[in-house]
Amino acid sequence: MAKVTRDDVARLAGTSTAVVSYVINDGPRPVAPATREKVLAAIEQLGYRPNSVAQAMASRRTNLIGMIVPDARQPFFAEMAHAVERAASDRGKLVLIGNSDYVEDREMHYIQAFLGMRVSGLILVSQGAPQRAAKEFAAMEGAKVVLLHRRPEAIDDVSVVTDDIGGAELVVRHLLEVHGHPYVACFGGPVDTPAPGDPVIDHVEGWQRAMEGAGLATEGRLVDAPFHRYGAYEVALELLRSPHRPPAVFCSTDDQALGVLRAAREVGLRVPEDLAVAGFDDIPEAALADPPLTTVASEREAMARAAVDLVLDDSLMVPGSDTERVRKFPSRLVVRRSCGCPAEGAAE
């Protein structure tokens with residue numbers, strides 16, 4: 001069966017191929033309503049499908065949004081990517097997702113590849129070298145960049161983040177003030193966790209603020225651990241078997257907290273009677289953990305929608321001070337049984 005072309009549509013509609021192009025691309029010239037209806041009817045009758053690649057080459061921009069995450073296998077990033085995809089679909093856009101795997105060169109590979117594909121915008125959860133990325137962004141034409149979840153200091157593009165410091169401080173204070181624990185240990189990130197701008201750094205800072213606000217020392221109570229549950233489980237086994245086992249643990253990610261819960265069961269500790277555990281992110285598994293995990297929730301859906309709106313709407317990309325270029329969403333405490341509370345609830 002011969003491929004239907006734009007010439008075929010023009011012939012059936014009784015108009016020129018230029019007019020067909022104006023209808024398909026909604027411009028750049030106006031088309032009379034009656035003529036537009038004829039063209040659309042011809043497209044429907046013939047089953048014509050425009051060549052999206054050719055359209056992109058002509059307009060110098062595709063209907064794609066690029067999104068780069070560290071690891072889409074991790075529940076938090078999977079949830080965030082899904083939320084971005086839903087928001088983009090509502091705007092008639094498709095999302096291409098690349099995993100940097102926490103590797104700087106891989107992140108740069110996807111940045112260059114997506115910008116080379118003329119995406120409409122790029123949503124970046126960066127874990128790589130901000131200087132290299134900033135240089136690449138400065139050289140690009142047209143596409144906008146929004147930093148999501150993390151804002152490296154060297155990149156001044158608009159960012160959409162949550163109140164990581166405030167959220168961490170909130171949950172640690174809950175463990176100290178409501179449950180009366182003498183101190184709270186913190187599972188931070190690996191020893192090579194990126195510099196300020198990384199949410200885990202902010203989670204650690206929130207923990208420090210809560211501890212110091214209660215007059216408690218933090219020295220020796222910050223534990224280096226991988227972000228995922230498997231590595232955190234191994235670290236927790238060693239910690240919980242030691243004579244210096246903490247009474248309560250705040251984990252920078254829920255995935256870490258799930259590893260701690262597994263380790264506690266394995267060494268014979270009851271949660272929360274022997275060990276209180278709290279996390280950050282409120283991934284879906286947090287509510288199904290045994291016991292259900294007390295954690296900090298971020299407004300993922302609202303953040304994803306804001307990121308998509310920002311990369312697509314020029315009017316929202318307002319230059320200005322550093323504060324004006326950061327869209328910060330609030331965190332909220334979600335109380336479940338792993339901290340010692342009897343029932344699930346939420347607190348601002």
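Along the sequence shown, residues carry numbers from 1.
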Q) Can you check whether Val277 reaches Thr294 side chain to side chain, under 4.5 Å on heavy atoms? A) no

Q. Out of curiosity, Ile43 CD1 to Lys38 NZ, how far, rounded to the nearest 0.5 Å?
A. 14.5 Å

Q. Atom CH2 in Trp207, atom CG in Asp202: separation rounded to 0.5 Å?
A. 14.5 Å

Q: Might you point out which heavy atoms bring Phe250 and Ala168 nearest each other, and give the distance in Å?
A: CZ-CB, 3.8 Å

Q | Minimum side-chain heavy-atom gap Arg337-Pro342 below 4.5 Å | A | no

Q.
Any heavy-atom pair between the side chains of Lys93 and Ser120 that's under 4.5 Å?
A. yes

Q. Do we get Arg262 above Tyr233's six-membered ring, with its NZ or CZ under 6.0 Å from the centre and within 45° of the axis?
A. yes

Q: Return the minimal non-hydrogen interatomic distance between Ala278 and Val171, and the atom names on each side.
A: CB-CG2, 3.6 Å

(Q) Using every non-hydrogen atom in the two residues, find where Thr5 and Tyr48 come nearest and quote the distance to one decimal. (A) C-CE1, 3.8 Å

Q: Decide yes or no for Arg241 and Glu266: does some side-chain heavy atom of the first lie under 4.5 Å from some side-chain heavy atom of the second?
A: yes

Q: Output the distance between atom NZ (Lys328) and atom CE (Met303), rounded to the nearest 0.5 Å.
A: 11.0 Å

Q. Can you tell if the side chain of Val20 reaches within under 4.5 Å of the side chain of Thr15, non-hydrogen atoms only?
A. yes

Q. With hydrophobic residues grouped by side-chain heavy-atom distances under 4.5 Å, do Ile165 and Leu175 end up in a single group?
A. no

Q) With under 30° as parallel and over 60° as perpendicular, where do the rings of Phe76 and His149 fit, or are they tilted in between? A) tilted

Q: Indicate the atoms forming the closest heavy-atom contact of Gly279 with Ala257, along with that distance.
A: CA-CB, 4.2 Å

Q: Could you tell me which non-hydrogen atom of Gly188 sits nearest to which non-hydrogen atom of Gln256, and how far apart they are?
A: O-NE2, 2.7 Å

Q: Assess whether side chain to side chain donor-acceptor pair (under 3.5 Å) is satisfied between Asp254 and Thr295, documenting all intermediate values.
A: CA-CA 7 Å; Asp254 282 352; Thr295 185; 2.7 Å; yes

Q) So with a 6.0 Å cut-off around CZ of Arg73, is the heavy-atom count from everything else above 12? A) no

Q.
Would you say that more than 12 heavy atoms from the other residues, nucleotides or ligands in this model lie under 6.0 Å from the CD of Glu44, or not?
A. no

Q: Compare every heavy atom of His174 with every heavy atom of Cys341, then report the nearest pair and how far apart it is.
A: SG-NE2, 3.4 Å

Q.
Quick check for you: to the nearest 0.5 Å, what is the distance between Leu115 atom CG and Ile111 atom CD1?
A. 7.5 Å

Q: Report yes if the side chains of His181 and Pro246 come closer than 4.5 Å at any heavy-atom pair, otherwise no.
A: no

Q: Look at the side-chain heavy atoms of Ile, Leu, Val, Met, Phe, Trp and Tyr, link any pair under 4.5 Å apart, and say whether Tyr102 and Tyr230 land in one connected group.
A: no

Q: Enter the distance from Glu234:CD to Arg229:CZ here, rounded to the nearest 0.5 Å.
A: 14.0 Å

Q. Any side-chain donor paired with an acceptor under 3.5 Å for Ser331 and Thr162?
A. yes

Q) Rounded to the nearest 0.5 Å, what separation is found between the CG atom of Leu240 and the CG atom of Asp274? A) 10.5 Å

Q.
What I'd like to find out is whether the side chain of Asp281 reaches to under 4.5 Å of the side chain of Val296, using heavy atoms alone.
A. no

Q) Are the side chains of Pro226 and Val235 in touch, meaning some heavy atoms are under 4.5 Å apart? A) yes

(Q) Between Tyr110 and Leu94, is there shared hydrophobic-cluster membership here, with clusters defined by ILVMFWY side-chain heavy atoms closer than 4.5 Å? (A) yes

Q: Spell out, yes or no, whether Phe329 and Val84 are grouped together once hydrophobic residues are joined by side-chain heavy atoms under 4.5 Å, including indirect joins.
A: yes

Q) With a 3.5 Å cut-off and no angle check, do the side chains of Asp164 and His203 form a donor-acceptor pair? A) yes

Q) So, the side chain of Asp71 versus the backbone of Asp101: is there a donor-acceptor pair under 3.5 Å, distance only? A) no

Q. Which of these, Arg91, Arg305, Lys144, sits in a salt bridge (Lys or Arg N to Asp or Glu O under 4.0 Å) with Asp313?
A. Arg91

Q.
With side chain to side chain donor-acceptor pair (under 3.5 Å) as the test, pick out the partner of Asp282 among Arg332, Arg300, Arg336.
A. Arg336

Q. Thinking salt bridges, do Glu238 and Arg245 make one under a 4.0 Å N-O criterion?
A. no

